[in-house]
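Following: one structure in structure tokens, then a few remarks.
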Amino acid sequence: MVLFKRNPFGHILVVKRFLIQVFAVLTHRRYRGFNSLQIEGSEIITTLPDTNVLFISNHQTYFADVVAMFHVFNASLSGRQDTIKNIGYIWKPKLNIYYVAAKETMQAGLLPRILCYVGAITVERTWRSCGKDVTEKRDVNPNDTENIKIALSDGWVITFPQGTTKSFKPVRKGTAHIIKQHRPIVVPIVIDGFRRSFDKKGLRMKKKDILQSFIIKPPLEIDYDNDTIDQIVEKIEFAIEQHPSFLKVIPTEELKAAEELNKLRRWEY
Ligand SMILES: CCCCCCCCCCCCCCCC(=O)OC[C@@H](O)COP(=O)(O)O
């Protein structure tokens with residue numbers, strides 16, 4: 001007789017459920033109370049299948065981004081529209097949600113180790129270690145890729161394709177390879193205000209009454225057979241609003257100069 005139901009990673013589901021509930025209660029006020037999370041697009045969550053969904057998001061704090069997603073996904077699944085009002089939604093949380101995290105982040109201390117049980121797929125970043133970029137790239141650990149595959153076939157996976165909390169860093173190719181290989185539905189999320197309201201780790205609150213926003217976009221349109229890795233990378237960069245072109249704001253002087261030039265271009269009768 002099986003006493004406790006486990007997921008493919010061997011995690012006991014009632015333990016996982018209990019941990020999610022504890023962290024949900026501890027953190028709810030950080031998004032509704034001290035701050036008020038503005039959510040858009042929660043109806044998209046309700047249209048998704050139960051497995052093979054990949055959420056891609058920009059990244060602002062180590063832990064608070066994922067915690068917000070757990071709140072928003074569960075609230076939406078239990079019928080709330082663009083709100084995490086009334087924490088009752090956590091009574092029956094979705095248990096097959098996973099997130100990709102840097103191994104070094106999740107092994108630094110007791111709390112991250114506990115959070116692992118909630119659904120971490122830890123990966124070794126090939127280009128970064130001990131808080132520094134490494135020039136000599138390491139090989140992708142095949143176990144990491146295998147675990148992402150298992151997680152996608154069991155449920156939903158959250159990933160931060162830039163692999164770092166620094167904004168406008170390039171999207172890493174690994175995410176595009178995973179998309180091409182496993183063909184998940186890819187749902188972009190754009191968050192903001194997290195870095196202002198939380199510290200870098202997202203464990204302590206820095207400031208109250210900050211506008212935190214959380215926008216869920218419709219699934220990306222991807223041609224899994226014909227899109228190249230670079231094309232998928234670019235689609236991701238635009239979707240999570242981290243493409244370099246988002247940095248370009250045209251100064252007013254330049255706009256005026258362009259107008260003057262356009263006058264010269266006008267057809268002369
Ligand atoms: C409803 C509440 C349920 C509670 C759910 C618990 C969720 C656990 C949240 C843990 C999320 C950890 C995600 C870590 C992602 C990650 O790996 O961040 C990358 C950093 O290393 C960045 O390093 P850096 O290069 O220094 O910016």
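Numbering of ligands and ligand atoms starts at 1, following listing order. Being a predicted model, the structure only gives us computed values, none of them experimental.
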Discussion item. For the 3.5 Å polar cut-off, considering only N or O atoms, please tell me whether T165 and ligand 1 meet it.
Written reply: yes
Worksheet item: Should R125 be listed as contacting ligand 1, given a heavy-atom distance under 4.0 Å as the test?
Response: yes
Worksheet item: By ring pair (Phe, Tyr, Trp, His ring centres under 6.0 Å), which residues pair with F63, not counting sequence neighbours?
Response: none
Worksheet item: Taking the six-membered ring of Y98 as reference, does the NZ or CZ atom of K16 fall below 6.0 Å from its centre and within a 45° cone about the axis?
Response: yes
Worksheet, complete the sentence: Of all heavy-atom pairs linking E237 and F246, the shortest is O-CE1, 4.4 Å
Worksheet entry | Polar proximity ligand 1 side, H71 side, N/O cut 3.5 Å exclusive | no
Fill in: atom 25 (O) of ligand 1: nearest protein contact (heavy atom, Å)
R128 NE, 2.7 Å
Worksheet item: Identify the closest protein heavy atom to atom 17 (O) of ligand 1: which residue and atom is it, and at what distance?
Response: A102 N, 2.7 Å
Worksheet item: For ligand 1, which atoms, with element, lie under 4.0 Å from some heavy atom of V118?
Response: 5 (C), 6 (C)
Discussion item. Is it true that, when you exclude R196 itself, more than 12 heavy atoms of the residues, nucleotides or ligands shown sit nearer than 6.0 Å to its CZ?
Written reply: no
Worksheet entry | Taking atom 7 (C) of ligand 1 as the reference point, the nearest protein heavy atom with its distance | V66 CG1, 3.9 Å
Worksheet item: Counting each atom of ligand 1 from 1 as listed, which ones have a heavy atom of T164 under 4.0 Å away?
Response: 24 (P), 25 (O), 27 (O)
Practice prompt. Looking only at non-hydrogen atoms, find the nearest pair between T83 and R32 and report the distance.
Written response: OG1-NH1, 3.8 Å
Practice prompt. Search all heavy atoms of M106 against all heavy atoms of L115 and return the closest pair with its distance.
Written response: CE-CB, 4.1 Å
Fill in: Residue, atom name and distance, where the atom is the protein heavy atom closest to atom 8 (C) of ligand 1
Y99 OH, 3.6 Å
Item to complete: Measure the distance from atom 19 (C) of ligand 1 to every protein heavy atom, then report the residue, atom name and distance (to 0.1 Å) of the closest one.
Response: H59 NE2, 3.4 Å
Worksheet item: Can you name the nearest heavy-atom pair linking V66 to I158, along with the distance?
Response: CG1-CD1, 4.3 Å
Discussion item. Before you tell me yes or no, could you show the steps for K206 and D199 under salt bridge (Lys or Arg N to Asp or Glu O under 4.0 Å), namely the whole-Å CA-CA distance, both residues' side-chain angles and the distance that decides it to 0.1 Å?
Written reply: CA-CA 6 Å; K206 243 174 24 187; D199 67 328; over 6 Å; no
Worksheet entry | Which residue and heavy atom of the protein sit nearest atom 13 (C) of ligand 1, plus the separation | Y62 O, 3.2 Å
Discussion item. I need the nearest protein heavy-atom contact for atom 4 (C) of ligand 1: residue, atom name and distance, please.
Written reply: F23 CB, 3.6 Å
Worksheet item: Which residue and non-hydrogen atom of the protein lie closest to atom 21 (O) of ligand 1, and at what distance in Å?
Response: T105 OG1, 2.3 Å
Worksheet item: Strictly by modelled atom types, are T164 and H59 linked by a side-chain donor-acceptor pair under 3.5 Å?
Response: no
